[in-house]
Amino acid sequence: MGQEPELQRFPACNTADMKDCDVIRIEPPGLRPVAVYCLDGEFYATDDTCTHGNASLADGEVDEDGVVECPFHAGTFDVRTGEALSFPCVLPLKTYPVVVEDGTVYVDLEHGRLQEG
Ligand code: FES
């Protein structure tokens with residue numbers, strides 16, 4: 001069996017696999033799914049499950065302002081901060097630090113955080 005990936009450097013994808021406004025879902029074993037976004041050459045990660053219901057945000061749409069729209073009821077979040085931007089979403093998403101190294105996008109699953117206030 002392979003080794004468990006480190007939670008501080010969970011490999012999500014290659015930079016070349018994603019273009020602007022793409023979003024993918026990763027499913028780390030035993031943890032909540034995480035959405036990874038490409039925005040203007042930068043990468044961001046949030047919890048994948050909408051805080052309003054059981055929708056996968058990776059099935060939603062991301063615009064060039066970094067707003068992801070939930071596929072269920074069209075609530076929106078800022079992918080950079082996790083802030084809930086429009087009803088019916090009111091609770092923020094947890095965000096995760098992302099590091100890019102040698103063309104690989106790593107998500108730090110250990111240091112997810114919720115936006116203050
Ligand atoms: Fe996402 Fe309702 S489940 S807006």
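For ligands, and for the atoms within them, numbers begin at 1 and follow the listed sequence.
When all heavy atoms of P71 and S56 are compared, the pair lying nearest together is CG-O, 3.5 Å. Of all heavy-atom pairs between M18 and C13, the closest is SD-SG, 3.5 Å.
Proximity to G53 (heavy-atom distance under 4.0 Å) selects the following atoms of ligand 1: 3 (S). Near C89, the atoms of ligand 1 lying under 4.0 angstrom from a non-hydrogen atom of the residue are 4 (S). Atom numbering of ligand 1 starts at 1 in the shown order; those under 4.0 Å from a heavy atom of G75 are 4 (S). Taking every non-hydrogen atom of F72 and a distance limit under 4.0 Å, the qualifying atoms of ligand 1 come out as 3 (S).
Between V62 and D22, every side-chain heavy-atom pair lies at or beyond the 4.5 Å cut-off.
No chain of hydrophobic side-chain contacts below 4.5 Å, direct or via other Ile, Leu, Val, Met, Phe, Trp or Tyr residues, connects V36 to F77. Hydrophobic clustering (ILVMFWY, side-chain heavy atoms < 4.5 Å, transitive): V107 and V100 are in one cluster.
For atom 1 (Fe) of ligand 1, the set of nearby N, O or S atoms under 2.8 Å includes one belonging to C70. Residue C50 does not count as close to atom 2 (Fe) of ligand 1, with no N, O or S atom under 2.8 Å.
Contacts between P71 and ligand 1, counted as non-hydrogen atom pairs separated by less than 4.0 Å, are absent for every part of the residue.
Although no hydrogens or angles enter the test, the distance criterion places a donor-acceptor pair under 3.5 Å between the side chain of T51 and the main chain of L91.
The nearest N/O/S atom of H73 to atom 2 (Fe) of ligand 1 is ND1. When atom 2 (Fe) of ligand 1 is compared with the N/O/S atoms of H52, atom ND1 turns out nearest.
E42 and R80 are not joined by a salt bridge, as no carboxylate oxygen comes within less than 4.0 angstrom of a charged side-chain nitrogen.
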